[in-house]
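Note that ligands are numbered from 1 as they come in the structure, with each ligand's atoms numbered from 1 the same way.
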Amino acid sequence: MEKRSWAEPYKIKMVELLKMTTREEREKAIAEAGYNTFLLRSEDVYIDLLTDSGVSAMSDRQWAGMMLGDEAYAGSRNFYHLEETIRDYYSYKFTVPTHQGRGAENILSQILIKDGDYVPGNMYFTTTRLHQELAGGTFIDIIIDEAHDPASTHPFKGNVDFHKLNNLVNDVGADKIPYVCIATCVNMAGGQPISLDNLRELRNWCDKHDIMLVHDMTRVAENAYFIQQREDGYQNKTVKEIVFEICDLTDAATMSSKKDAMVNIGGFLAMNDADLYEKACELVVVYEGLHTYGGMAGRDMEALAIGIKESVQDDHMSARIGQIAYLGRRLEEEGVPIVKPYGGHAIFLDAKAILPHIPQAQYPAQALAAALYVESGIRAMERGVVSAGRNKETGENYMPNLELVRLTIPRRVYTQAHMDVTVESVVEVMKNANEVKGLEFTYEPKMLRFFQGTFKQIG
Ligand code: PM9
């Protein structure tokens, strides 16, 4: 038997009961949801692997923090605790709270992007790219090619390809690039990290061209753990130290605190530049709330400050990533095609390989996520052509190389037995893969269509 290397550094104090459903009930539920797992009712879901966003289990200390909420309209004590925590753990001098990550993306994009600008990034993220486009910008993918190959085992698939970045500057000029947007643990690439070596080179590149470096730090702690495990010279550094070093190389950050920091709601925009802070303060009152709460209750800011401190603990992170690696290993043992290396927040199923009979134009990943729900009540998320959306100029579907279903693991929520059931369910769906049908849209929203679009089966 394989020796266990980790176990959860916590014990369970409270549980939430789950409803078991029949296959007939699930077939009806997914048809009513238009074959979109976002439109299922959560009470009809058994194991919810839709997302790791806002669904983690808070600790007793975070819940205790909720009782310390100072719900003053202005100058809440919890805001100052949060600001101080972000300075100490993430290096950024100024913090503007927002209701969640996209609130921060909206403000940043409106301040920095002008019509006709280009924003390079290490792969797109849905909400991030949309806000860049709404502000008049065009996103340019500068991630290394390996990131688009589910089988590549490159240890840092989140790295930037400097040829792509240099080509962009040569084509459009540095003055058309307001900032480079760099995500840690790149979500759409399969939860893949960027190395500190690559990030340092990017810092130098940005200095040389006088371009700002903005950090989507939604999963920075997971990225730091991979650096500790994989990058030369970091084995004896703590996750906390590496997180600080990553942030310190960048000028500003957008954060969805609903992931790494284990709160149910919240986010922020953080920066070192006083002028940018002043502009962000002016805009946050328009869209979110006063700059000392920006859409968050005092109690939520307190839970967030505590969550940030818990998120960078080495034992927490090794259990977190260990659980995902366990799921990945078990799926591989069963011959399931998945993105390699295993991600930091999820295991991604390769839907093109599992359902080769469904052309990408018939949304194989969307169909696979629906089939998995019908099989066992497990809810996953499509991360392929539906999520990619349409090119804003041509109106054509983007056809990403990665056509994936994401089994996303909430932090501190599910057990190893839940992971085993997940593996069994995926294997069952694979056995009957030929029966899974392609889909077509019955309703296609113009923006972020994966959230609310509905489909019907073809044939
Ligand atoms: N990510 C996720 O499930 C939640 C909604 S989109 C399906 O992965 C990054 C890297 C994210 C992210 C959200 C956001 C937006 C920004 N950057 O959801 O607005 O993964 O808090 O953050 C989701 P908010």
Under 3.5 Å side-chain donor-acceptor pair for T95 and Y277: no
Close approach of R219 to ligand 1, heavy atoms, under 4.0 angstrom: yes
N-O pairing of E222 and K259 below 4.0 Å: no
Numbered atoms and elements of ligand 1 in range of F450, under 4.0 angstrom, heavy atoms: 7 (C)
Proximal atoms of ligand 1 relative to G101 (non-hydrogen, under 4.0 Å): 19 (O), 21 (O), 22 (O), 24 (P)
For atom 16 (C) of ligand 1, the option (of M123, H131, M217, E105) bearing the nearest heavy atom: E105
Ion pair check, K340 and E146, cut-off under 4.0 Å: no
Option of least heavy-atom distance to atom 4 (C) of ligand 1 (set: K259, H99, R406): K259
Salt-bridge contact D52-R219 (side-chain N to carboxylate O under 4.0 Å): yes
E375 and S425: side chain donor to acceptor below 3.5 Å: no
Face-on cation placement of R379 at Y373 ring, 6.0 Å and 45° thresholds: no
Ligand 1 N/O within reach of S256 N/O, cut-off under 3.5 Å: yes
Protein heavy-atom partner closest to atom 12 (C) of ligand 1 - residue, atom, separation in Å: F125 CE2, 3.2 Å
Top protein contact for atom 15 (C) of ligand 1, by heavy-atom distance: T127 OG1, 3.5 Å
Identity and distance of the protein heavy atom lying nearest atom 9 (C) of ligand 1: D216 OD2, 3.5 Å
Atoms of ligand 1 close to T218 [distance to a heavy atom under 4.0 angstrom, numbered from 1]: 9 (C), 17 (N)
Atoms of ligand 1 close to K258 [distance to a heavy atom under 4.0 angstrom, numbered from 1]: 21 (O)
Pairing of K19 and D44 as salt bridge, 4.0 angstrom limit: yes
K240 NZ/CZ over Y89 ring centroid, <6.0 Å and within 45° of normal: yes
Shortest protein heavy-atom distance from atom 24 (P) of ligand 1, along with the residue and atom involved: Q100 NE2, 3.3 Å
Distance-only polar pair, side chains of E245 and Y234, donor-acceptor under 3.5 Å: yes
Per-atom contacts, ligand 1 versus R383 - under 4.0 Å to a heavy atom: 7 (C)
Pairwise side-chain contact, Q457 with E440, heavy-atom cut-off 4.5 Å (strictly under): no
Close N or O approach (R102, ligand 1; < 3.5 Å): yes
Atoms in ligand 1 with a heavy atom of T51 nearer than 4.0 Å: 2 (C), 3 (O)
Ligand 1 contact by M381, heavy-atom criterion under 4.0 angstrom: yes
